[in-house]
Amino acid sequence: MYKKVILITLLITALLIAIKNTDAAEVDEYLRSTLPTFRTVTTSGGNISTTIDCDTGNLAADLTPQFWFATNQPGQGVTNWSMSATVLDSTMTQQNAMYGPDGSPSIILANTTVGERPTLAAINDIKNGILASNANAIAYPMFSTLLLGSGTLDVIDNTFLTPQNYFDLRTRGRGFRYITLGIQTTARASTYTSLDSPGAYQAVVTFQYGTP
Amino acid sequence: MNKLLTKMLLTGLIVSSINTADAAVHNFTITGGYTMDITTTGNWNTTMDPDTGALASAMDLNFAIVTNDPNPVTTMGLTACTMNASSTESVAIKSTDFTPDLTTTTARIIFAEQGAIAGDCATDAAIQNCCSVAATPSENPNAVSYPSSLTIDNGGSFTYVEGGDRHFDLNINPTVQADPTNLHLTLSTGCCPGVYDCDLANDTSGTYEVEICLTGIPSI
């Protein structure tokens with residue numbers, strides 16, 4: 001009996017050694033690289049130049065400045081973007097060119113000829129609907145939302161904000177998309193008059209991450 | 001007081017020394033009572049340029065293998081894997097050189113995003129697409145691969161094995177027994193063509209990771 005116990009013990013020990021001898025170990029190391037979050041915007045063509053009919057003040061064609069934007073925002077994270085526009089007044093000060101009377105967003109183009117730039121009062125008269133005096137500034141209606149082009153980025157909000165007077169765009173997650181501001185041809189009533197001097201009329205449109 | 005100051009200075013030096021490089025030491029007692037020490041050193045952490053996908057600094061990993069076993073050790077292998085969207089491991093290494101008993105070769109190493117957010121992890125298909133010379137950014141979201149070089153010295157060699165568990169079979173056979181056999185992996189900073197495109201923005205921000213595995217180390 002005693003011999004049997006010893007034999008069994010020896011066998012178990014031998015078996016355990018055999019099992020241990022077939023074990024294999026592993027060394028693991030992790031290489032890690034962090035990719036930061038980015039938000040990118042570039043201009044992407046569209047129609048940004050046309051002529052003004054000197055009889056009516058109407059544009060010969062819609063203005064459609066287009067932008068491309070992208071982000072690698074993780075998950076369902078929301079990214080805020082905005083589109084705004086400015087013009088220079090007679091003191092070379094930037095003024096917001098967008099306004100939204102009666103929920104109908106519009107944009108002011110201002111004469112850029114030296115000595116013919118609109119006064120701040122003229123710009124404000126258009127915004128406030130006081131149309132008696134708005135020399136060298138002409139307003140045009142915009143589409144009520146930004147025009148979404150092709151892309152993978154999920155747009156969850158596309159609204160013209162008042163009284164801030166800019167387009168607020170929100171996207172979810174990662175991807176890219178093209179987006180266009182649509183400016184229509186017909187001048188807003190009484191914003192084009194004989195007081196408007198010849199010259200180049202301009203607004204600078206900006207699309208950006210965050211708010212203006 | 002001077003002693004205390006000296007100790008504090010030494011402690012500071014040691015801490016800064018540890019912080020300057022990633023390092024780890026592993027000791028094994030292998031079959032027959034021999035020993036194997038494996039010291040890993042290298043640069044294991046960096047950042048990616050969001051415009052290009054390039055690494056900010058070259059990553060490398062060195063396994064310094066010292067054994068007193070007089071016999072060649074042929075059980076060991078080197079592979080790489082990364083966690084995929086199904087929470088399983090995908091093979092994350094790919095070579096095209098099947099020449100046996102090499103001392104230097106090249107391979108692709110694939111990193112995958114390890115975020116906890118659903119939809120941000122790479123699928124196995126995306127990881128495998130990064131292995132291909134015909135990789136297409138739209139087909140490999142959340143995975144990025146980099147070219148690498150692999151070398152071994154001190155009489156060692158390796159042979160690439162294709163298949164489901166792509167890996168390198170190692171032959172550790174020190175010419176100089178007391179010296180380490182260095183198995184060195186160095187990643188290029190620039191990513192492989194077709195694996196990153198910031199215009200598509202389909203590689204989400206976050207931590208990209210790959211696990212480099214030295215397998216089959218004989219031990220008791």
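Just so it is clear, the values below take in all heavy atoms, side chains as well, and ignore hydrogens, waters and symmetry mates. It should be emphasised that the depicted structure is a prediction, and the values quoted were computed from it without experimental measurement. Reminder, nothing fancy here: chain letters follow the sequence lines and each chain counts from 1.
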How would you list, in number order, the residues of residues 193-203 of chain B that have a heavy atom less than 4.5 Å from chain A?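 Those residues of residues 193-203 of chain B which have a heavy atom under 4.5 Å from chain A are Tyr196(B), Cys198(B), Asp199(B), Leu200(B), Ala201(B), Asn202(B), Asp203(B).
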Inter-chain contacts: [range] against chain B, heavy atoms under 4.5 Å:
range                       : result
residues 155-178 of chain A : Arg174(A), Gly175(A), Phe176(A)
residues 65-76 of chain A   : Trp68(A), Ala70(A), Thr71(A), Asn72(A), Gln73(A), Pro74(A), Gly75(A)
residues 84-92 of chain A   : none

Engaged part of [X] at the chain A interface, taking heavy atoms whose separation is under 4.5 Å:
X         : value
Leu214(B) : both
Tyr208(B) : both
Ile212(B) : both

Counting heavy-atom pairs under 4.5 angstrom with chain B, the leader among Leu153(A), Thr37(A), Thr42(A) is Thr37(A)
Options Pro36(A), Gly151(A), Gly77(A), ranked by heavy-atom pairs under 4.5 Å with chain B, top entry: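 Ranked by heavy-atom pairs under 4.5 Å with chain B, first place is Pro36(A).
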Could you grab the distance from atom CG of Leu35(A) to atom OG1 of Thr204(B), nearest 0.5 Å is fine?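 One finds 8.0 Å between CG of Leu35(A) and OG1 of Thr204(B).
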Which distance, rounded to the nearest 0.5 Å, do you find between the OG1 of Thr40(B) and the CD of Glu29(A)? 3.5 Å
Between Ala25(A) and Phe28(B), which heavy-atom pair has the shortest distance, and what is it? CB-CE2, 3.2 Å
Partner of Thr34(A) under side chain to side chain contact (heavy atoms under 4.5 Å, CB included), picked from Thr46(B), Thr207(B), Asn45(B), is Thr207(B)
Find the one option among Pro50(B), Ala80(B), Ala56(B) whose heavy-atom pairs under 4.5 Å with chain A are most numerous.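 Result: the option with the highest number of such pairs is Pro50(B).
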Check this for me: Leu147(A), atom CG, are more than 12 non-hydrogen atoms of other residues, nucleotides or ligands nearer than 6.0 Å? yes
At a heavy-atom separation under 4.5 Å, does Tyr30(A) approach chain B through its side chain, its backbone, both, or neither?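 Both parts, backbone and side chain.
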